[in-house]
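Both counts, for ligands and for their atoms, begin at 1 and track the order of listing.
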Amino acid sequence: MTTEPFTLVGTAFHTPERGALEVLEAHLFGIDAQGRIAEMLAPGHPDYAVRRSDARRAGTLVELGEGQFLLPGLIDLHIHAPQWPQMGKALDVPLEVWLQKYTFPLEARYADVGYAREVYADLVDNLLANGTTTALYFATVHVEASLALAGICLEKGQRALVGKVVMDDPDQCPPFYRDADAASAVADTRRFIEALRAMDQGERPLVQPVITPRFIPSCTDAALKGLGDLAHEFGCHVQTHCSESDWAKQFVEERFNRTDAASLDDFGLLTRHTILAHSNFIDGQDMDLIKEMGAGVAHCPLSNVYFANAVFPLRAALDRHMHVGLGTDISGGYSPSLFDGCRHALSASRTLQSGVHAHLQAHERGAPGEPITHQEAFWLATAGGAEALDLPTGSFRVGHEFDALLIDTRANASNVHVGAGDDTLEDVFQKIVLNAGRANIGRVWVGGRTVSQ
Ligand code: GUN
Ligand code: FE
């Protein structure tokens, strides 16, 4: 796919290295016809003035105004597209009840591709307006509806990894919503991968297929084995839920006498391109295994408040240099915004460290380890997610995709207040991470294409 090349001049914030904000003051970004960053020049560079005046003459210059800043696009590392109609409700029961009572009946409706198209078009518009330039999606068991989601992402220009969900165990999945058997689940996944790859044959495809066993409890051994073989054959991404709650963790350990992460590895499902949602209850050995295989974790702090019974040991995972990013987990999480995701990650981490029970003495109240910083939270939502997915996005670098947000701190209905003379650029960045919302997102680019404005 090609776009019109253009030049953008403005101040950008990004966190290419975890925990470290880099401010690119008044930089010039040259975007090529492939939507990639071709050059990044600081104001003192000998070519800066001529590039800028050439672009102005050609009518291809975008200049950020007062109070406007450039940010890398946000990466949602775990989201259930079919649960969009349920976002913000049905959170009154534990995970294993919620699946059977609300979620499987809703997801079953996507047998109707017309319904799927209607919901998915609204979802993708909303996510783009909230600054999500890349999403790793669970769709449903239905091949046609899952392909429809990929088609909508392609049409609207969102970078997306889409999975047809596999759930074939008749003991855990209702008759109205499951794969007929392991063989058809694996055959349908193969058909889905081939059809999706045929939709976008570019050298750097915008949409890609993902092998998606829902989680071990909903899959038979034969399906897990077949999907592990497909992961090896196609080398595509893999996603699943891992050790999310007490129930989910215990279910797997009773079935295999192994942890969730070790069991997934036994089936060939832990690869460099695997993303494990949640993983709240992984132990040190699981972390070492995930790190060794190069897999990543999608931390979903808001959803965890409802379903997980615990907080993900984020600092321990970061100390091991595991791949970690942030997921909204719609509709287990009720916000489509990864700015909210950053805030929930910050409060989860701070709460884990301080502890919660006021009846305990301060020294016995919390878990050890430093809470994350706002720079680390933003890294999780951008460069961390990109590294986990192994995609060239998430920070500004020559050769990276131009996936970016124009943040307008002076927008109507802005909750970001920047005081003249009172705030440094570092302060402005912190205020954006803690207070920016949809109202502040003036424009969104994916691969150089304007996808929301
Ligand atoms: N585990 C299996 N399926 C799901 C799901 O849809 N949401 C969450 N949060 N956990 C799951
Ligand atoms: Fe989930």
Flag for Ser218-Asp169: side-chain donor and acceptor within less than 3.5 Å
no

Among the N/O/S atoms of His241, which is closest to the Fe ion (ligand 2)? Give the atom name.
NE2

Protein heavy atom at shortest distance from atom 10 (N) of ligand 1:
Glu244 OE1, 2.7 Å

Looking at the rings of Phe256 and Phe267, which for Trp means the six-membered one, are their centres under 6.0 Å apart?
yes

What about His241 and His78, are their ring centers closer than 6.0 Å?
yes

As an exercise, identify every atom of ligand 1 less than 4.0 angstrom from a heavy atom of His278.
9 (N)

Please report the interatomic distance OG1(Thr133) to CZ(Arg449), rounded to the nearest 0.5 Å.
13.5 Å

Strictly below 4.0 Å, N to O, side chains only: are Lys225 and Asp221 in salt-bridge contact?
no

Is the contact between Trp98 and ligand 1 made by the side chain, the backbone, both, or neither, using heavy atoms and a 4.0 Å cut-off?
side chain

Between Thr103 and ligand 1, does any nitrogen or oxygen pair lie at a separation below 3.5 Å?
no

Tell me whether the Fe ion (ligand 2) has Asp329 as a neighbour, meaning an N, O or S atom of it below 2.8 Å.
yes

Taking the six-membered ring for Trp, is the centroid-to-centroid distance between Tyr110 and His142 below 6.0 Å?
no

Restricting to N, O or S atoms of His80, which is nearest to the Fe ion (ligand 2)?
NE2

Do Arg443 and Thr450 pair up side chain to side chain, a donor and an acceptor below 3.5 Å, judged on atom types alone?
yes

Residue Phe215 vicinity, atoms of ligand 1 by number, heavy atom under 4.0 Å:
1 (N), 2 (C)

In His78, the N, O or S atom nearest to the Fe ion (ligand 2) is which?
NE2

Ring centroids only, cut at 6.0 angstrom: are His374 and Phe429 within range, meaning strictly under it?
yes

Which residue and atom name correspond to the protein heavy atom nearest atom 9 (N) of ligand 1, and how close is it?
Asp329 OD2, 2.8 Å

Ligand 1 atoms nearer than 4.0 angstrom to some heavy atom of Leu95 are 8 (C), 10 (N), 11 (C)

Taking atom 6 (O) of ligand 1 as the reference point, the nearest protein heavy atom with its distance:
Arg214 NH2, 2.7 Å

